[in-house]
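Labels below follow one simple rule: chain letters A, B, ... track the order of the sequence lines, proteins then strands, and each chain is numbered from 1. Keep in mind that this is a model prediction, so the values were computed, not measured.
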Protein chains: 2
Amino acid sequence: MTRQQRSIDKHQRLLQAAEAVVHRQGYHLTTLADIAREAHVPVGGIYYYFRTKESMVEQIITARMAELTRRMEEWERDRPPLARLEALVDIWREDSEIDARYGCPIGSLCYELSRAGARMAGLAARPLLLLREWSEKQFRILGAADPGGGAEHLVMALQGASLVGNAFHDPGAIVRETDRLKTWLRQRVAN
Amino acid sequence: MTRQQRSIDKHQRLLQAAEAVVHRQGYHLTTLADIAREAHVPVGGIYYYFRTKESMVEQIITARMAELTRRMEEWERDRPPLARLEALVDIWREDSEIDARYGCPIGSLCYELSRAGARMAGLAARPLLLLREWSEKQFRILGAADPGGGAEHLVMALQGASLVGNAFHDPGAIVRETDRLKTWLRQRVAN
DNA sequence: GTCTATATGGAGATAGAC
DNA sequence: GTCTATCTCCATATAGAC
């Protein structure tokens, strides 16, 4: 194993630790020391991989976009459009326990960074934008009326479910809303 | 005007300033100095009215609950149940500009305080709980099926609309979702 | 009751040894 | 490339004069 190899590993380890800790504690309450501890890296050593705290969150978001894109491409390969949208909703259903505890990692970061300057706010909104545009594309393929409105509602419902489920610490609330959403999806497509 | 009178005024001024600044900047990014400046009060002078930053946000939430309750009682006096729910949705419609800029003051605080200890998280969730329970009561009066589920969806939709509208800085998105919600409301009640 | 001055603590970030 | 030691800044909170 080369030096460079180890370095990449450590970068990955730090990034995964950062993602986990920021999800649990939120951006503002997370210190770089918290992340260092989680990744078993000395405090100051972080600055070799993340120039600033902001660049760290940038990398989290970039990784999240890549992971989302990967899943969407997978669904586009092996499912019909309606099942793709249901698969998307099922992510929230499956993550209901963790999101009820810590909120949706995408949405909670949007709110936290929305006040941290236009650049950071715009970055945080990108995964949400990806979700909306990809959903709109699926609705369009399905021939649904108002695909843009459908996609908008879908993303809003998922985010609202996560926020309220988190506020009440109630994973059941998230599950119930995903069920309602899937019923709504099938009705919408039937027309 | 007595001394006590002036003191109450200053307390009110500080509380209103705190509410406005925390809405604009979020809890974590707001310093007590920001609030003092907004209220034209010297920095240290805050601590006579707010023991700690946490007690300040407690008072904001308490005031918000009182205001919500006041409005709900007013609607219960002079509107039929369906119009009460529409009036609730219209609050978000009317605040779409400001919420697209700064997020829903209730929901964004829920996410921010959800990691700040169980006590603070529970406090932040109370306005949301009030909204859900009051809405459920209206659905029940209307004889709608699953009033609890209806209320849950209503609150989630409003919060999701605010979060997404804020992320995209798009008041139109919030307005569109309130329109969809009102259509949904009338359909639900028709059954 | 009100304000000034200051203590305290902790965060992000850097310099430089290894 | 990596880690230690440290610097600097600034926010909360307090002590005490008025």
Rounded to whole angstroms, how far apart are [atom1] on [X] and [atom2] on [N]?
{"X": "A:Ile46", "N": "D:dA5", "atom1": "CD1", "atom2": "C1'", "value": "16 Å"}
{"X": "A:Leu14", "N": "D:dT2", "atom1": "CG", "atom2": "C1'", "value": "12 Å"}
{"X": "B:His40", "N": "C:dC3", "atom1": "NE2", "atom2": "P", "value": "13 Å"}
{"X": "A:Arg13", "N": "D:dT2", "atom1": "CZ", "atom2": "P", "value": "10 Å"}

Below the 4.0 Å mark, does D:dT2 have OP1 or OP2 next to a side-chain nitrogen or oxygen of A:Tyr49? yes
Using a cut-off of less than 4.0 Å, is there contact between a side-chain N or O of B:Tyr48 and OP1 or OP2 of C:dT2? no
Taking B:Arg93 as the fixed residue, which of B:Ile174, B:Val175, B:Leu158, B:Asp99 is the one that meets the side chain to side chain contact (heavy atoms under 4.5 Å, CB included) rule? B:Val175
Encode nucleotides 4-18 of chain C as B, S and - characters from 5' to 3', where the letter depends on protein heavy atoms closer than 4.0 Å: B to the base, S only to sugar-phosphate, - to neither. B------SSBB----
Would one find more than 12 heavy atoms of other residues, nucleotides or ligands at under 6.0 Å from atom CZ of B:Arg119? no
Does B:Glu136 pair with B:Arg132 as a salt bridge, N-O distance under 4.0 Å? no
Indicate every side-chain donor-acceptor pair of residues 13-20 of chain B with a distance under 3.5 Å to a residue at least two apart or in another chain.
| from | atom 1 | to | atom 2 | distance (Å) |
| --- | --- | --- | --- | --- |
| B:Arg13 | NE | B:Ala39 | O | 3.2 |
| B:Arg13 | NH2 | B:Ala39 | O | 3.1 |

Hits for ring pair (Phe, Tyr, Trp, His ring centres under 6.0 Å) against A:Phe168, two or more places apart or cross-chain, chain-then-number order -> none
Beyond-backbone contact of A:Val43 with A:Leu32, side-chain heavy atoms, under 4.5 angstrom: no
